[in-house]
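To keep things clear, I will list the structure first and then write my remarks on it.
From a predicted model like this one, the values you see are computed outputs, not experimental measurements.
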Amino acid sequence: MKVLVIGGGAREHALCRSLSLDPDVTALHCAPGNAGIAEVAELHPVDATDGTAVARLAARLEAGLVVVGPEAPLVAGVADAVRDAGIACFGPSAEAARLEGSKAFAKSVMAAASVPTGRSYVCTTPEEIDTALDAFGAPFVVKDDGLAAGKGVVVTDDLATAREHALACGRVVIEEFLDGPEVSLFAVTDGRTVLPLRPAQDFKRALDGDEGPNTGGMGAYSPLPWADPKLVDEVLETVLQPTVDEMRRRGTPFSGLLYAGLAITGRGVRVIEFNARFGDPETQVVLARLRTPLAGVLLAAAEGRLADLPELVWRDDAAVTVVVASHNYPGTPRTGDPVEGLADVVAQDAPDAYVLHAGTRLADDGRTVLSAGGRVLSVTATGKDLAQARERAYAAVGRIRLDGSQHRTDIAREAADA
Ligand code: AMP
Ligand code: GLY
């Protein structure tokens, strides 16, 4: 099968890596990709959010499956354009991707499906904002209704900061604060059958100890030794299946990857958010643990055949990923710096640790890798347990040189020590 992956982050590198190891994949293409993906897939300089261009590329390549990675193309209807061209596509329609694209829409679906989530108000005027902030009190949770690359959410004890963010958003969701550890649980679905993957934990804040601003994610690990073994079944029953059923009932079935961002509160599991695609960086650790070849799973979802798929097979290994970010991320990151030491990781750490590129590109010399975004790469490692995976990931991070770069040093530390 020929596969085309849309996107160019570490998530797409992880997807491409897994697909490149799948014996059923005869050719692998990616648009637009990055310097690392270029090592496993043929790159095409196509705008990922241009549905017509993506569908045309897929047809020209005779792709049997298109996998859309990021949210922006999904919300823009790229999966619809590919399916309209008669090509199997893993990723929800624009209508269904509103589960991620609008926090207010996600709240309405959850209410209709009785999915447990924080109480919230959707506000558009300063009066509504003040009433909602007053009703909940500190800590305040203020979310831009639309897509904001993980940066639209402000959680703060400071009323003035909360109010300022809310006023800047236009349409805003103000929500009750949910206390407790967070879990990311992904499920592959064809709109009817729901196949949960293994849970992971992401580290959203920029700095050690969960300090600093929210980011797209600074690291992740899986499994979660502290979590209730029944968590996945419970979330399937109370969150994932009811949400997929409700979307189908509305005539806008959700097929693709449903990502539930959860808080495990003292009163039970609550949904913090839905995403309509694989999470980054959690995908790096979840796919590192998946033994079943990936292409067949994604194609079965795209073709509505998930009910017939044999059970997924997982490795016993633990996986840890650590994001290396540019100077000044998540503000205005500095780009264009050479990334050195990548070959040392391959020479010394492979196959237990490897680099997945995010914001990178090749310099004009065709060899030097340059930083080209906020999150530059993520180093993923596996081991017999989290402690070993962590040790391997950080050893590899230590070999990479990028001027002014930053990474968290505490990814998976608590879970590994527990
Ligand atoms: P989101 O984009 O909705 O995932 O929010 C980004 C991050 O903000 C989440 O991963 C949480 O760490 C935090 N957050 C969002 N909603 C809440 C909430 N209701 N209570 C506490 N923290 C939250
Ligand atoms: N890791 C958070 C996200 O992908 O949205």
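With rounding to the nearest 0.5 Å, the separation of OG1 in Thr189 from CG in Asp245 is 8.5 Å.
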Under the side chain to side chain donor-acceptor pair (under 3.5 Å) rule, what do Glu282 and Ser184 come out as? Steps first, then yes or no, please. CA-CA 7 Å; Glu282 299 97 309; Ser184 301; 2.6 Å; yes
Where do Thr368 and Asp365 land on the side chain to side chain donor-acceptor pair (under 3.5 Å) test, with the steps shown first? CA-CA 7 Å; Thr368 311; Asp365 66 8; 2.4 Å; yes
Do Thr265 and Asp179 pass the side chain to side chain donor-acceptor pair (under 3.5 Å) test, and can you show the C-alpha distance, the side-chain angles, and the key distance before you say yes or no?
CA-CA 6 Å; Thr265 75; Asp179 202 10; over 6 Å; no
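What you find for Val46 and Ala31 is that their closest heavy atoms are CB-CB, 4.1 Å. When all heavy atoms are compared, the tightest approach of Gln406 to Asn328 is NE2-N, 3.8 Å.
Heavy atoms of other residues, nucleotides or ligands lying less than 6.0 angstrom from OH of Tyr121 number 12 at most. Heavy-atom neighbours of Asp364 CG from other residues, nucleotides or ligands within 6.0 Å: at or below the threshold of 12. The 12-atom threshold is exceeded at CD of Glu234, counting heavy atoms of other residues, nucleotides or ligands nearer than 6.0 Å.
Between Phe278 and Phe186, the ring planes lie perpendicular to each other; the angle is over 60°, past the 30° to 60° tilted range.
Judged as a side-chain contact (heavy atoms from CB on, under 4.5 Å), and not counting sequence neighbours, the contacts of Ser255 are Arg83.
The salt bridge (charged side-chain N to carboxylate O under 4.0 Å, His left out) test with Glu175 is passed by exactly one of Lys143, Arg270, Arg119: Lys143.
Salt bridge status for Arg205 with Glu211: absent, with no side-chain N to carboxylate O gap under 4.0 Å. Contact check on Arg192 versus Asp190 returns no salt bridge, with no Lys/Arg side-chain nitrogen under 4.0 Å from an Asp/Glu carboxylate oxygen.
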Using a 3.5 Å cut-off and no angle test, enumerate the donor-acceptor pairs between side-chain atoms of residues 340-349 and protein atoms at least two apart in sequence or in another chain.
unit_1 : atom_1 : unit_2 : atom_2 : d
Gln348 : OE1    : Arg399 : NH1    : 3.2
Asp349 : OD1    : Arg399 : NH2    : 2.7
Asp349 : OD2    : Arg399 : NE     : 2.9

